[in-house]
Amino acid sequence: MTTKYDWCFSNPSGPYLVNIWHDQMQEENGVIYFVDRASTWGEENRATATQAQLNRASAVSSLIQTAYYTKAPVNVAILDGTRKTVGLRETSQAKQRELDSVLWYPHHKEADGNIRVIRGKPQPDNFDPYNEEQPQQKQTAAPTPPNKVKGSGTEIFERDSEVVKAVKQRAANGCCEFCGQEGFKTASGGFYLEAHHVIPLNCGGPDDVRNVVAICADDHRRAHFGEDRHAVRDKMIWDVLAVHYPNDTEFFEAMDEKSLEIKRSASGQQKLEDHRMDNYRHNEVS
């Protein structure tokens, strides 16, 4: 127990415990649940919250994500007390705290990507947290190409922040999706990885979660400048992304064709090398 003011506690392989306010819990047809919005809270309050609060929010989100992907139960301590905003900063003080005798289970993701945690209802034995995301992310139509933004030198494209957010959630363990190495720990408690479009936007790649990987800085540069960059790109398509989205074979076959075009085209290779990598960086993946 690092500090009594932490919002969650865990050992590497469990058990997991999280503190949840009673008024954050909801009931629907006799089922009691809460939706983890800790990471959303952190993003919305980044300008006013203390670093300790942001670290606690990141820790809660990481704990819930870990339990979700390992199908592990979560112990919940129910809090009651006062919460208020002083100036621009949210503060709280717990008056009562009780450990629920019933285990809670991260069950599924809401439409916004946040995880619903249900009291006393384990996930089905055949539940696959990776495939569970498919119905929400599968698209029947081709994604709309991103807009170009005027700039000097190389082309710059607008990026959808929701795509980056979804990739962050997919890389919840903080490990590079290509080499598997954990990103270094940042001051805010997250892990540093970089979001990389496998088929670059300036080569016709879509701004879509199925075309973006969260990777370490070394692999990011390797993907752009490495002697084996074409093999790296194909490996990212089939060994990383296609594994996450097994129902989208047609989409990845189209990406494979674009990859071949880049390899064969001298201009495509130049675009791959010249594209501004700093526009792909999205710092922390919690």
Side-chain angles (χ1 to χ4, degrees), residues 2 8 10-14 16 38-39 42-43 54-55 57-72 106 109 113 115 128-131 133 137 159 161 163-200 205 207-246 252 255-256 259 262 272-273 275-286:
T2 55
C8 65
S10 68
N11 290 320
S13 59
Y16 305 110
S39 61
E43 292 174 4
L54 295 176
N55 290 346
S58 176
V60 169
S61 180
S62 178
L63 181 149
I64 297 297
Q65 291 274 354
T66 299
Y68 172 75
Y69 284 106
T70 59
K71 300 175 64 174
K109 290 191 174 183
I115 296 175
D128 185 335
Y130 293 98
N131 288 337
E133 300 175 8
Q137 294 179 349
R159 287 158 176 77
S161 61
V163 169
V164 175
K165 181 179 178 181
V167 172
K168 286 182 179 182
Q169 293 173 336
R170 195 178 66 205
N173 60 2
C175 293
C176 172
E177 291 190 293
F178 186 68
C179 71
Q181 293 297 311
E182 188 178 85
F184 63 81
K185 203 74 175 289
T186 65
S188 63
F191 294 93
Y192 184 89
L193 295 174
E194 296 177 355
H196 168 66
H197 287 73
V198 177
I199 302 297
D207 194 19
D208 184 289
V209 292
R210 297 168 295 178
N211 185 40
V212 182
V213 290
I215 54 177
C216 63
D218 285 346
D219 283 339
H220 197 179
R221 285 159 177 76
R222 180 182 174 187
H224 281 271
F225 308 112
E227 182 181 12
D228 61 344
R229 60 192 180 279
H230 300 303
V232 167
R233 184 172 60 253
D234 291 339
K235 188 175 179 65
M236 287 179 174
I237 292 172
W238 293 110
D239 292 357
V240 179
L241 293 169
V243 172
H244 282 302
Y245 310 99
F252 294 112
M255 283 183 61
D256 193 65
S259 179
I262 294 172
L272 184 67
E273 295 175 1
H275 201 55
R276 280 187 172 181
M277 285 177 53
D278 58 344
N279 289 320
Y280 288 122
R281 294 176 187 163
H282 296 288
N283 297 334
E284 297 175 21
V285 177
S286 302

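For the numbers below, each heavy atom of this structure counts, side chains included, while hydrogens, waters and symmetry mates do not. Everything numeric here is computed off the predicted structure, so don't read it as measured data.
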For residues P129 and Y68, report the shortest heavy-atom separation together with the two atoms involved. O-OH, 3.2 Å

So, taking the atom named OG1 in T70 and the one named CD in Q65, what distance separates them when rounded to the nearest 0.5 Å? 11.0 Å

If you apply the rule side chain to side chain contact (heavy atoms under 4.5 Å, CB included), what do you find for R222 with D228, and how did you get there? CA-CA 8 Å; R222 180 182 174 187; D228 61 344; 2.5 Å; yes

Rounded to the nearest 0.5 Å, the CG atom of D218 sits from the SG atom of C179 at a distance of 8.0 Å

Inter-residue atom distance M255.CE - W238.CH2, 0.5 Å rounding: 9.0 Å

Measure across V163 and D208 and return the closest heavy-atom pair with its distance rounded to 0.1 Å. CG1-C, 3.9 Å

When you measure from the side chain of E177 to the backbone N and O of A214, does any donor-acceptor pair fall under 3.5 Å? yes

Considering all heavy atoms, the nearest I115-P106 contact: CG2-CB, 3.9 Å

Closest non-hydrogen atoms of D234 and S259, given as atom of the first, atom of the second and distance, are OD1-OG, 2.6 Å

Considering all heavy atoms, the nearest M236-A223 contact: CE-CB, 4.2 Å

Does the structure place the NZ or CZ of K185 under 6.0 Å from the centre of the six-membered ring of F191, at an angle of no more than 45° from the ring's axis? yes

Just checking, is any N or O donor in the side chain of H230 or R233 under 3.5 Å from an acceptor N or O on the other one? yes

Out of curiosity, Y16 OH to S62 OG, how far, rounded to the nearest 0.5 Å? 9.0 Å

H196 and H224 aromatic ring geometry - parallel, tilted or perpendicular at 30°/60° bounds: perpendicular

Enter the distance from Y245:OH to R170:CZ here, rounded to the nearest 0.5 Å. 4.0 Å

For A166 and V209 the tightest heavy-atom approach is CB-CG1, 3.5 Å

How long is the straight-line distance from CG of L241 back to CZ of R210, given to the nearest 0.5 Å? 10.0 Å

